[in-house]
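Below: the structure, in structure tokens.
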Amino acid sequence: STHSNTAYVPTLDGVLKNVPMDFTSILAFLKAIAKNNNREWFEKNKPRYLVVKTQFEDFLVSFHQGLLKFDDSLGNINPRKQAFRIYRDVRFSKDKRPYKVNMGAGFSAHGKMEQEPGYYIHIEPGKSFIAGGFYMPNPENLARIRQEIDYNTKDFLKILNDKKFKNVFGGLDEFDKLKTAPKGYAKDHPHLEILKNKSFIVTHAFPDKEVLARDFVKRATETARLIKPLNDFLLQAIS
């Protein structure tokens, strides 16, 4: 069927076996939970959730195999453990819905992109995307990244202005920015708009038909590959 990707999932004897990947049921489950975001429905549909959770983890194994072809820093992580929990932390949130309506996973050298650059994949009906870079660095890392961009502006702009990179991502996501110049930088700094960022992230959206297409694993991996130079620059900044 046109709705299946192929995932390579290691069998018990370590041989890569061809397993059909199908996002149809994952997207259907996520649509259903968006409509029925309550514990009662979830408990009733727990078996269905466990099936799609496993399917998503199978995809992550396959995606990880692709990432390893160009980023060997990810060699020590277990791809099945990179998925974020579906349970929302509602303690400090006005939004009390107990479950996320997406499935996501983060890949970086030590795990889920905690204070290091990496790759993030997000599956949600009509809102799937791949992102990468450094999400919400702490003050020390943020200062280091800004300093590196200030010192090596040419190298940083070369990454951002690469034709393929620009086509796929546009530019840095500007969801998280200072209103004024960061401390220590002139208000007329030629690259002030870049330095105002508090996260250094790029994003590429995938419509559902691409998520459901046979070559999605390959497409996702190729998109992530384009993020590698940005991650390398950011890693160098904090090292």
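Only this structure's heavy atoms are used, side chains among them; waters, hydrogens and symmetry mates stay out. Since the structure is predicted, the reported quantities are computational estimates derived from the model, not experimental observations.
- T153 and H191 make their closest contact through CG2-CD2, 3.1 Å (heavy atoms, listed as atom of the first residue, atom of the second, distance).
- Note that CZ of F70 and NZ of K228 are 8.0 Å apart. Values are rounded to the nearest 0.5 Å.
- One N or O on the side chain of S199 and one on the backbone of M136 form a donor-acceptor pair closer than 3.5 Å.
- For the atom pair H64 NE2 and L74 CG, the distance stands at 5.5 Å (nearest 0.5 Å).
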key: Derivation and outcome, side-chain hydrogen bond (donor to acceptor under 3.5 Å, both in side chains), residues H189 and D150   = CA-CA 9 Å; H189 191 291; D150 189 33; 2.8 Å; yes

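- Under a 3.5 Å cut-off, the side chain of Q55 and the backbone N or O of F23 do not form any donor-acceptor pair.
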Intermediate values then yes/no, side-chain contact (heavy atoms from CB on, under 4.5 Å), I145 and F233 = CA-CA 9 Å; I145 290 168; F233 183 96; 5.7 Å; no

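- Proximity of I123 to F129: side-chain heavy atoms (C-beta onward) are nowhere separated by under 4.5 Å.
- Side-chain atoms of N141 do not come within 3.5 Å of backbone N or O of P137 as any donor-acceptor pair.
- A distance of 10.0 Å separates CZ of R97 from CD1 of I33, quoted to the nearest 0.5 Å.
- For F63 and F107, the distance between ring centers is under 6.0 angstrom.
- Residue-environment remark: NZ (K96) exceeds the threshold of 12 foreign heavy atoms within 6.0 Å.
- L230 is listed as a side-chain neighbour of F156, based on a closest heavy-atom distance under 4.5 Å.
- Using modelled atom types, one finds no donor on one side chain facing an acceptor on the other under 3.5 Å when comparing H110 with N76.
- For the pair I238 and E116, the tightest heavy-atom approach, listed with the atom from each and the gap, is CD1-CA, 4.5 Å.
- Annotation: K218, atom NZ; neighbour count of heavy atoms from other residues, nucleotides and ligands within 6.0 Å does not exceed 12.
- Put simply, the side chain of L142 reaches to within 4.5 Å of the side chain of F200, judged on heavy atoms.
- Expressed to the nearest 0.5 Å, how far OG of S128 lies from CG of L27 amounts to 6.0 Å.
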request  = Just do the side-chain contact (heavy atoms from CB on, under 4.5 Å) check on L157 and I194 with the steps written out, would you?
outcome  = CA-CA 10 Å; L157 292 177; I194 292 176; 3.7 Å; yes

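- For E174 and K196, the salt-bridge test fails: no basic side-chain N is under 4.0 Å from an acidic carboxylate O.
- Aromatic rings from F59 and F216 are positioned such that their centres are separated by under 6.0 Å.
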task = Please report the C-alpha distance between Q82 and Y120 in whole Å, then the side-chain angles of each, then the deciding distance to 0.1 Å, and finally whether the side-chain contact (heavy atoms from CB on, under 4.5 Å) criterion is met.
result = CA-CA 10 Å; Q82 302 319 305; Y120 172 73; over 6 Å; no

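- The hydrophobic clustering, which links ILVMFWY residues whose side-chain heavy atoms are closer than 4.5 Å, places V202 and F134 together.
- For Y151, the OH atom sits in a loose shell: 12 or fewer heavy atoms of surrounding residues, nucleotides or ligands are nearer than 6.0 Å.
- Proximity of N231 to Y119: side-chain heavy atoms (C-beta onward) are separated by under 4.5 Å at one or more points.
- When atom types are taken as modelled, the side chain of R88 and the backbone of D95 share a donor-acceptor pair closer than 3.5 angstrom.
- The backbone N or O of W41 sits less than 3.5 Å from a side-chain atom of N45, completing a donor-acceptor pair.
- Relative to the six-membered ring of F84, K112 meets both conditions, a distance below 6.0 Å and an angle of at most 45° to the axis.
- The backbone N or O of L67 sits nowhere less than 3.5 Å from a side-chain atom of D71 that would complete a donor-acceptor pair.
- In this structure, L50 is a member of the same hydrophobic cluster as M103, with clusters built from ILVMFWY side-chain heavy atoms closer than 4.5 Å.
- By the 4.5 Å heavy-atom criterion applied to side chains, D58 and R80 are counted as neighbours.
- Between E148 and R144, no side-chain nitrogen of the basic residue sits less than 4.0 Å from a carboxylate oxygen of the acidic one, so the salt-bridge criterion is not met.
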task = Evaluate the criterion salt bridge (Lys or Arg N to Asp or Glu O under 4.0 Å) for residue pair K81 and E57; output intermediate values, then yes/no.
result = CA-CA 8 Å; K81 297 250 190 305; E57 287 171 2; over 6 Å; no

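- In this structure, the side chain of K198 does not engage the main chain of L178 through any donor-acceptor pair within 3.5 Å.
- Two residues are said to be in side-chain contact when any heavy atoms from C-beta on lie closer than 4.5 Å; F169 and T223 meet this criterion.
- Taking every heavy atom of both residues into account, N38 and P98 meet most closely at CA-CG, 4.1 Å.
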message = For L195 and I149: C-alpha separation, side-chain torsions, deciding distance, then whether side-chain contact (heavy atoms from CB on, under 4.5 Å) applies.
response = CA-CA 8 Å; L195 295 171; I149 291 170; 3.9 Å; yes

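- For the atom pair D208 CG and E124 CD, the distance stands at 9.5 Å (nearest 0.5 Å).
- Residue L160 comes nearest to K166 through the heavy atom pair O-CG, 3.4 Å, listed as atom of the first residue, atom of the second, then distance.
- The line from CG of N197 to CG of D173 is 9.0 Å long, rounded to the nearest 0.5 Å.
- The closest donor-acceptor contact from the side chain of K177 to the backbone of E193 lies under 3.5 Å.
- When all heavy atoms are compared, the tightest approach of S108 to E114 is OG-N, 4.3 Å.
- A donor-acceptor distance shorter than 3.5 angstrom exists from the side chain of D162 to the backbone of F165, with no hydrogens or angles considered.
- Shortest non-hydrogen contact noted between I159 and P229 is CD1-O, 3.5 Å.
- Within 6.0 Å of atom CD in E43, more than 12 heavy atoms from other residues, nucleotides or ligands are found, so the atom counts as buried in its surroundings.
- Remark: the backbone N or O of V168 is paired with a side-chain donor or acceptor of H204 at under 3.5 angstrom.
- Taking the six-membered ring wherever Trp is involved, the centroid distance between the rings of F42 and Y99 falls below 6.0 Å.
- Cluster membership for I86 and I26, using ILVMFWY side-chain heavy atoms within less than 4.5 angstrom, is shared.
- Taking hydrophobic clusters as Ile, Leu, Val, Met, Phe, Trp and Tyr residues chained together by side-chain heavy-atom distances below 4.5 Å, F56 does not share a cluster with M113.
- Side-chain contact between I201 and L172: absent, with no pair of heavy atoms (C-beta onward) separated by less than 4.5 Å.
- At a threshold of 4.5 Å between non-hydrogen side-chain atoms, the residues R219 and F206 count as touching.
- Under the 4.5 Å side-chain heavy-atom criterion for ILVMFWY residues, no single connected hydrophobic cluster contains both V51 and V101.
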